[in-house]
Amino acid sequence: MKLQVIRTQFGQDATNGMLFIDGLFECYTLEDQYQEVKVMHETCIPEGIYDIKFRTVGGFHTRYKERYGSSHYGMLWLQDVPGFEYILVHTGNTDEHTSGCLIVGNTQADLDVGKDGFIGGSRDAYTKLYNKVAKQLLIGNPVTIEYSKINLTDSVQDIVSNNVQLDDIKELVKEKMSDINGNLIKINAKIGNRIIS
């Protein structure tokens, strides 16, 4: 199984993105802001491909075991992230709820509206994603997650944050998926009352 996080909007304190599973839209993502030089608890992880395994120790695991019971097998833990430790996928609502980890949700606020960003429906999105990933890990199948950003050309650099338009994001996401998969992937996902294809 391959997860892809495509970062779509870069704000002052947060980074918005979209998560795909094997090329199909799954949910929205929220991370700390992008910075070339890491600042502890204030920086999203480097772009790259990372294996995901279960982490069965630590405070998050204990809390999620209490919250989700027997359907929780361990936190989704990204392996060998340069300069980072214990990068997890978990629930939350703003970048204040993460220290480099990935927060998932069913809705996402525009970073031009709030600098901390906001993601809603996090528990529902997490549960849906977790069940899919855990199923693969439990039967011994590898799961990877790739972080990338929309491939911007010099002529569209200024649309990143502050001036982002929904139509621009849709088109750029399509272009990035084409680069990743070698062909244009049709994405049929109901997002609010819109269909993206």
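Small disclaimer: the values here were computed from a predicted structure and weren't measured. Here, residue 1 is the first one in the sequence, and each next residue gets the next number.
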Exercise for the section: Please check if the side chain of D32 supplies one atom and the backbone of A14 the other of a donor-acceptor pair under 3.5 Å. Expected result: no
Practice task
Using the ring of F60 (Phe, Tyr or Trp, six-membered ring only), decide whether R63 places NZ or CZ under 6.0 Å from its centre and within 45 degrees of its axis.
Solution key: yes
Handout entry: Within-4.5 Å side-chain heavy-atom neighbours: Y64 and T91
Key = yes
Practice task
Kindly say whether A109 contributes a backbone atom to a donor-acceptor pair with the side chain of N16 at under 3.5 angstrom?
Solution key: yes
Practice task
Applying side-chain contact (heavy atoms from CB on, under 4.5 Å), run through L102 and L19 and close with a yes or a no.
Solution key: CA-CA 10 Å; L102 185 70; L19 188 145; 3.9 Å; yes
Fill in the blank from the handout: Interatomic distance, CD1@I103 vs OG1@T98, rounded to 0.5 Å, equals 5.0 Å
Practice task
Could you tell me whether the side chain of M1 reaches within less than 4.5 Å of the side chain of K135, counting heavy atoms only?
Solution key: no
Fill in the blank from the handout: Output for pair (Y130 OH, M75 CE), nearest 0.5 Å, gives 7.5 Å
Practice task
Give a yes or no on whether the backbone of T144 and the side-chain of D51 come within a donor-acceptor separation of less than 3.5 Å.
Solution key: no
Practice task
Determine whether V133 and I45 fall in the same hydrophobic cluster, where Ile, Leu, Val, Met, Phe, Trp and Tyr are linked whenever their side-chain heavy atoms lie under 4.5 Å apart.
Solution key: yes
Practice task
Taking the side chain as every heavy atom from C-beta outward, state whether V104 and K128 have any atom pair closer than 4.5 Å.
Solution key: no
Fill in the blank from the handout: Interatomic distance, CD@Q4 vs CD1@I21, rounded to 0.5 Å, equals 10.5 Å
Exercise for the section: First locate atom NE2 of H72, then atom CG of N131, and finally report the distance between them rounded to the nearest 0.5 Å. Expected result: 12.0 Å
Practice task
May I ask you to test the E26-K132 pair for a side-chain heavy-atom distance under 4.5 Å?
Solution key: yes
Exercise for the section: Find the distance between CG (L138) and CZ (F54) and round it off to the nearest 0.5 Å. Expected result: 4.5 Å
Exercise for the section: Could you tell me whether the side chain of T94 reaches within less than 4.5 Å of the side chain of D13, counting heavy atoms only? Expected result: no
Practice task
Measure the shortest side-chain to side-chain distance between H97 and S122 over non-hydrogen atoms and say whether it is less than 4.5 angstrom.
Solution key: no
Fill in the blank from the handout: So SG of C101 and CD of E31: to nearest 0.5 Å the spacing works out to 10.0 Å
Handout entry: Beyond-backbone contact of Y50 with I87, side-chain heavy atoms, under 4.5 angstrom
Key = no
Exercise for the section: Could you walk me through whether R123 and R67 pass side-chain contact (heavy atoms from CB on, under 4.5 Å), step by step? Expected result: CA-CA 11 Å; R123 284 192 183 190; R67 181 184 297 169; 3.3 Å; yes
Problem - Student check: side-chain heavy atoms of Y147 and I145 closer than 4.5 Å - result: yes
Exercise for the section: Let me see the working for L3 and L129 under side-chain contact (heavy atoms from CB on, under 4.5 Å), right down to the final yes or no. Expected result: CA-CA 10 Å; L3 280 60; L129 171 66; 4.0 Å; yes
